[in-house]
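See structure below.
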2 protein chains.
Amino acid sequence: MSHIAETAPGATGAVGVRQAQKLRTRQALMDAALRLLEHQSLSSLGLREVTRAAGIAPTAFYRHFKDTAELGVALVEESLGGLHGALRTGLSAPDPGDSEARIALTVGLIADLTRSAPAHVRFVARERHGGVQPVRRAIGDQLRLFAEEVADALGALPDSAGWPREDLLMLAGIYVDHMVMTASAFLAAGPDGEQSTAELARRQLRLVGLGRRHWLDG
Amino acid sequence: MSHIAETAPGATGAVGVRQAQKLRTRQALMDAALRLLEHQSLSSLGLREVTRAAGIAPTAFYRHFKDTAELGVALVEESLGGLHGALRTGLSAPDPGDSEARIALTVGLIADLTRSAPAHVRFVARERHGGVQPVRRAIGDQLRLFAEEVADALGALPDSAGWPREDLLMLAGIYVDHMVMTASAFLAAGPDGEQSTAELARRQLRLVGLGRRHWLDG
DNA sequence: TTCCTCGGAGAACGACTGTTTACTGGATGA
DNA sequence: TCATCCAGTAAACAGTCGTTCTCCGAGGAA
């Protein structure tokens, strides 16, 4: 029985030449789409346009996606799927009491992310409120999931320990929205405006942190 | 000399039948576009599509706009142009010291605005990061202008009186972004989720208000 | 080797796109 | 009244679009 799993499709790693090539073409489609989406929205992205940029025949598109919308959902997964653990492990580094260090680190991570994957960041910011419903929903789901993880992490920090879950989610929502807005601001500002954009983001996080510290005062 | 102004084009009110009809057609184009933009983005909005929905010939489009992008910029003006005074006069009502009342009023105004002009709100939220650069820029300019006015108003309130202008703009940025996000959240939630969305927005504004109150503490 | 699977190519379809050119007819101003 | 202006029309243009159908040929299993 167990020898079946060795050649079963969908098994992680170790796939045949056939599947590997299919994955490579699929990735080429996603890369091409992401490149084209720099100057337009997903709802205007044509199937032929993508295949042309990817270097394959238009009809081959259907072997991977039935829609450009379905391609968009795959791009959401690629853009936000690996983000959950990444930021959390990055944020677990500093001393839990040093909020200033945490703020600087957070903004730095957002800047790095935007610099290393600008197309993905732009795609998420753009299609979050975009015209393609399934993609909008996928991004909303991912960000909601991400906010829940942030809420978990916040519950372990001194400033917000013991908060009701509802309040933690409220705060996490502020942070997630602010993260997306900041990333988009980095894109809009370009390399020259990176420092001032980062400083603005840090000050805003500082103010939110103050509110957090006094949330249970009165 | 003065009698010239009576028939001069561009004068407010009192225009000939000719100009009035042109304005009506122009408005029909904008209304049709706004209706079509409920389910797509501006970058996929076709010229023929708009004229068809407006009930005029495709070529007549060029009498009013050279692009759908130019039409989009006009929609930005229509959506955000009249907003500057509206919210400010609304916010000048409550006692300057009663921040809770101000918060409730603000969220209420956003809810009203979203209910009375959902298409405009959706358009702004969607195209703020959309694929059409001139429109993106127009929205950015309008929101920046709006943020400056908010900063002015904040400078007159007790909690943030005497702040440096830079900090006032930082805070105003939080408020403006939060306003757009909240309006978009109202749209996504629909009528049933209006109350919980409003409650979430109010709690977030309460936390930001706390941060504001303690900004100059340390 | 032999058969089967399946990712990809090619051609063709009808529909739709933005734009140009020439024209109409009612409002406009002397 | 009469010449002018100009918003809107109609036809035609070359492209592009999504989609279907048919076929090819290399990879995989026996």
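Numbers restart at 1 for each chain; the letters A, B, ... are given by sequence-line order, proteins then strands. Heavy atoms only: backbone and side chains are in, while hydrogens, waters and symmetry mates are out.
- Regarding Arg48(B), its CZ atom lies at a distance of 10 Å from the C1' atom of dA11(D), rounded to whole Å.
- For the pair Thr59(A) and dT20(D), the criterion of a side-chain N or O lying under 4.0 Å from OP1 or OP2 is not met.
- Rounded to whole angstrom, the span from the CG atom of Leu47(A) across to the C1' atom of dT16(D) amounts to 12 Å.
- Going from atom CG of Leu23(A) over to atom P of dG8(C) covers 10 Å, rounded to whole Å.
- The nearest whole Å value for the distance from the CG atom in Leu71(A) to the P atom in dG18(D) is 12 Å.
- The nearest whole Å value for the distance from the CZ atom in Arg52(B) to the P atom in dG8(D) is 18 Å.
- Distance check: Leu113(B) CG to Leu83(B) CG gives 6.0 Å after rounding to the nearest 0.5 Å.
- Note on Arg24(B): nothing from the nucleic acid sits closer than 4.0 angstrom, heavy atoms only.
- The shortest non-hydrogen separation linking Leu169(B) to Ala151(B) is CD2-CB, 3.9 Å.
- For Arg18(B), no side-chain nitrogen or oxygen approaches OP1 or OP2 of dG25(C) to under 4.0 Å.
- Among the atoms of the strands shown, none is found under 4.0 Å from any heavy atom of Arg26(B).
- Toward the 5' end of DNA chain D, the nearer of the two residues Arg63(A) and Glu49(A), judged by each one's closest nucleotide, is Glu49(A).
- Lys22(A) has its NZ atom 9 Å from the P atom of dC6(C), to the nearest Å.
- Atom-to-atom, CZ of Phe65(A) to C1' of dG7(C) comes out at 14 Å; the value is rounded to the nearest Å.
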Point to revise | Candidate pair Arg128(B) and His129(A), rule side chain to side chain contact (heavy atoms under 4.5 Å, CB included), full reasoning | key: CA-CA 9 Å; Arg128(B) 181 180 188 184; His129(A) 307 276; over 6 Å; no
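- Backbone-only engagement by Ala60(A) is indicated by non-hydrogen atom pairs under 4.0 Å involving sugar-phosphate atoms exclusively.
- A side-chain donor-acceptor contact under 3.5 Å links Arg24(A) and Gln21(A).
- The nucleotide whose nearest atom lies closest to any side-chain atom of Val17(A) is, among dT28(C), dT19(C), dG28(D), dG28(D).
- We find that CG of Leu29(A) is positioned 8 Å from P of dG8(C), with the value rounded to whole Å.
- Partner Leu205(B) forms a side chain to side chain contact (heavy atoms under 4.5 Å, CB included) with one of Ile103(B), Thr182(B), Ile174(B), Leu200(B) and no other, that one being Ile103(B).
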